[in-house]
Amino acid sequence: YGFLAENADFAAACEKAGLVFIGPSSRAIALMGDKTAAKRLMAEAGIPVIPGMQQPLENDEEAQQWVEQIGLPVMLKSSFGGGGKGMRLVRDLAELPEALRAARSESRSSFGNPAIYIEKWIEYPRHVEMQIMADHHGHYVYLGERECSIQRRHQKLIEESPSPIMTPELRKRMGEVAVKAAQLVGYTNAGTVEFLVDRDRNFYFLEMNTRLQVEHPVTEMVTGLDLVKEQIAVAAGKPLSFTQEDIRWQGAAIECRIYAEDPDNNFRPSPGVIQDLRVPGGPGVRDERGFLAGAEISPYYDPLISKLITWGRDRQEAIARMRRALAEYQIAGIKTTIPFHRWVMENESFMRGDFDTEFIDREYRVQVAGPKQKELILLAAAIGAFYRERRKGEVVSPPAADGINPWKAMGRFELFRRRL
């Protein structure tokens, strides 16, 4: 967990020292950590991958050749990256030189390696990932998907399960592909296989995260499993405590990442001291945080403050509970993404389940943009609306607003304060 969770050298050092690393083997981490090598391995096994390079880029001339071959737009990606670092979208060939320089620089500073590669950019994709678990006895199980399309700068802000576009047949196909990907590298412990899904629900292997992810509570809420407990048991040599047939998905869960960022200023970090903190509670509400009132948010690390998760019997109830929880969540002294999340939970497109990875640029930035920016964003939104009208899918009615009882809110805060 943390910076060493996907460090193959650290896992190898544990193995050499006779320690048990709670995670996959150093070999599996290394294989899946090299994004181009992983993509090449998946393609050779017949797993659908996004058109593009399957090896790191050697020079700018080769980059231009690839762009001409697969066509614009393209995405530059770090070969050893993640979390949106080292990524640049290129829509115009004139932007390529500067984008290459910026992607290499960010990849070097973030991951110690400037290697990047090029993929075709899929317009209006959805980012859907599949959680898997595997033990040392040859048992592999997929635990269902998480929808992760609400992103800024290719970093997730909201995750949910089930995905609004998911069907039992699609879940089975994606789950089996995720298990196959894990089996190819002899994977053990918890891992996540990430996919991009196009408008026709074709899915493409994106990468595999060889660790427990920030959004794992979403899967725990709908499956009733404790993934961390399972990780420890698997590392201790025990078989999985469940089979694929045992997995049942109940209700719906949503996670909002509460960052120390200013959503009205392009999500810029907002370091400082948390002067006051009031945390929501109640049925179906789970809050996981690393800070208390009086703590300082450093400018040198990821600005994630907490993860707020709600569960409901269906998506409408999960959204209603999230609305109420966000209304009760109070953090003073710094800017946070709480107002943004409140806005999302009231957004009609989100409530219908009609969104993609460009949701923030299309739907939110217009709220805080200047006049000229608004014209461009509204034009992009109109184009997006045209394509979305062509999609097929079930329309979900917006949930009713959930009233807030200030006495309950204050009581929960007082109970929390006494426990401290």
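Panel note: side chain Asn266, backbone Arg268; no donor-acceptor pair is recorded below 3.5 Å. Not a single donor-acceptor pair under 3.5 Å links the side chain of Thr36 to the backbone N or O of Ser79. In this structure a side-chain-to-backbone donor-acceptor pair under 3.5 Å is present from Asp246 to Thr243. Judged by distance alone, with hydrogens and angles left aside, the side-chain atoms of Asp198 form a donor-acceptor pair with the main-chain N or O of Asp200 at under 3.5 Å. Looking at Ser107, its side chain never comes within 3.5 Å of a backbone N or O of Ala103 through a donor-acceptor pair. Proximity of a side-chain donor or acceptor of Lys120 to a complementary backbone N or O of Gly71 within less than 3.5 Å is detected. A donor-acceptor pair under 3.5 Å is formed between the side chain of Arg248 and the backbone N or O of Glu245. The closest donor-acceptor contact from the side chain of Gln275 to the backbone of Ala332 lies at 3.5 Å or more, if one exists at all. Under a 3.5 Å cut-off, the side chain of His137 and the backbone N or O of Gly237 do form a donor-acceptor pair.
The heavy-atom pair separating Asp135 from Leu240 by the smallest distance is OD2-N, 2.9 Å. For the residue pair Pro303 and Glu261, the shortest heavy atom distance occurs at CG-OE2, 3.7 Å. Ile70 approaches Pro51 most closely through the heavy-atom pair CD1-O, 4.4 Å. Residues Ile297 and Ile305 come closest through the heavy atom pair CD1-CG1, 4.1 Å. Contact detail for Ala181 and Val193: the closest heavy-atom pair is CB-CG2, 4.4 Å. Shortest non-hydrogen contact noted between Leu4 and Phe21 is O-CZ, 4.2 Å.
Salt-bridge formation is not detected for the pair Lys39/Glu207: no Lys NZ or Arg NE/NH1/NH2 atom is positioned less than 4.0 Å from an Asp or Glu carboxylate oxygen. Under 4.0 Å is where a charged nitrogen must lie from a carboxylate oxygen, and between Glu288 and Arg286 at least one such pair does. We find that Glu95 and Arg91 are not joined by a salt bridge, their nearest charged nitrogen and carboxylate oxygen being 4.0 Å or further apart. No salt bridge links Glu328 with Arg278; every basic N to acidic carboxylate O contact stays at or beyond 4.0 Å. A salt bridge links Arg257 with Glu215; the closest basic N to acidic carboxylate O contact falls under 4.0 Å. No salt bridge links Lys238 with Glu230; every basic N to acidic carboxylate O contact stays at or beyond 4.0 Å.
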**Asked** Passes salt bridge (Lys or Arg N to Asp or Glu O under 4.0 Å), Glu169 versus Arg173? Steps please.
**Response** CA-CA 6 Å; Glu169 186 273 337; Arg173 285 197 295 125; 2.7 Å; yes
**Prompt:** Does the pair Val74 and Trp121 meet the rule for a side chain to side chain contact (heavy atoms under 4.5 Å, CB included), with working shown?
**Reply:** CA-CA 5 Å; Val74 298; Trp121 174 247; 5.5 Å; no
**Message:** Does Arg362 form a salt bridge (Lys or Arg N to Asp or Glu O under 4.0 Å) with Asp356? I'd like the steps, not just the answer.
**Reply:** CA-CA 10 Å; Arg362 185 176 59 247; Asp356 51 56; 3.2 Å; yes
**Message:** Applying side chain to side chain donor-acceptor pair (under 3.5 Å) to Asp287 and Tyr329, what does each step give before you reach the verdict?
**Reply:** CA-CA 10 Å; Asp287 182 71; Tyr329 215 138; 3.0 Å; yes
**Message:** Would Val67 and Leu96 count as a side chain to side chain contact (heavy atoms under 4.5 Å, CB included) here? Give the steps.
**Reply:** CA-CA 9 Å; Val67 171; Leu96 185 60; 4.1 Å; yes
**Request:** Kindly indicate, with the supporting measurements, whether the criterion side chain to side chain contact (heavy atoms under 4.5 Å, CB included) is fulfilled by Phe267 and Leu157.
**Result:** CA-CA 11 Å; Phe267 292 92; Leu157 286 174; 4.0 Å; yes
**Item:** Ser161/Glu147 under side chain to side chain donor-acceptor pair (under 3.5 Å): CA gap, chis, key distance, verdict
**Value:** CA-CA 6 Å; Ser161 185; Glu147 170 76 60; over 6 Å; no
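Pro162 places a side-chain heavy atom less than 4.5 Å from the side chain of Arg171. Annotation: side chain of Val344 is in contact with side chain of Phe359 (closest heavy-atom distance under 4.5 Å). No side-chain heavy atom of Ile331 sits less than 4.5 Å from a side-chain heavy atom of Phe291. Within the 4.5 Å cutoff, side-chain heavy atoms of Ile22 are placed close to those of Ile232. Ile334 is listed as a side-chain neighbour of Ile274, based on a closest heavy-atom distance under 4.5 Å. By the 4.5 Å heavy-atom criterion applied to side chains, Val214 and Glu255 are counted as neighbours. The shortest side-chain heavy-atom distance between His341 and Met322 does not fall under the 4.5 Å cut-off. Under the 4.5 Å side-chain criterion, counting only non-hydrogen atoms from C-beta, Ser270 is not in contact with Thr336.
Phe350 pairs by the ring pair (Phe, Tyr, Trp, His ring centres under 6.0 Å) definition with Phe355, not counting sequence neighbours. Legend: residues meeting side-chain hydrogen bond (donor to acceptor under 3.5 Å, both in side chains) with Asp60, ordered by chain and number and at least two apart, are Arg104.
Annotation: Arg313, atom CZ; neighbour count of heavy atoms from other residues, nucleotides and ligands within 6.0 Å does not exceed 12. More than 12 heavy-atom neighbours from other residues, nucleotides or ligands sit within 6.0 angstrom of CD on Glu68. More than 12 heavy atoms of other residues, nucleotides or ligands shown are found within 6.0 angstrom of NZ on Lys156.
Judged purely by distance below 3.5 Å, without hydrogens or angles, the side chains of Tyr364 and Asn347 never pair a donor atom with an acceptor atom. For His216 and Gln131, the side-chain atoms include no donor-acceptor pair closer than 3.5 Å. Side-chain polar atoms of Glu106 and Ser78 form no donor-acceptor pair below 3.5 angstrom.
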Only pairs under 3.5 Å count here: list side-chain donor-acceptor contacts from residues 182-192, not counting sequence neighbours, and write none if there are none.
{"unit_1": "Tyr187", "atom_1": "OH", "unit_2": "Ala190", "atom_2": "O", "d": "2.6"}
{"unit_1": "Asn189", "atom_1": "OD1", "unit_2": "Gln231", "atom_2": "NE2", "d": "3.0"}
{"unit_1": "Asn189", "atom_1": "ND2", "unit_2": "Gln231", "atom_2": "O", "d": "3.1"}
{"unit_1": "Thr192", "atom_1": "OG1", "unit_2": "Arg146", "atom_2": "NH2", "d": "3.2"}
{"unit_1": "Thr192", "atom_1": "OG1", "unit_2": "Gln213", "atom_2": "OE1", "d": "2.9"}

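Between Tyr142 and Trp249, the ring-plane angle classifies as parallel under the 30° and 60° cut-offs.
Distance check: Leu100 CG to Glu62 CD gives 11.0 Å after rounding to the nearest 0.5 Å. Here CD of Glu194 is found 13.5 Å from CD of Glu145. Values are rounded to the nearest 0.5 Å. Atom CZ of Arg40 is separated from atom OH of Tyr117 by 11.5 Å, given to the nearest 0.5 angstrom. We find the NZ-OG1 distance between Lys172 and Thr167 to be 12.0 Å, quoted to the nearest 0.5 Å. Atom OG1 of Thr337 is separated from atom CZ of Arg152 by 8.0 Å, given to the nearest 0.5 angstrom. Remark: Leu304 CG to Arg289 CZ distance equals 12.5 Å, nearest 0.5 Å.
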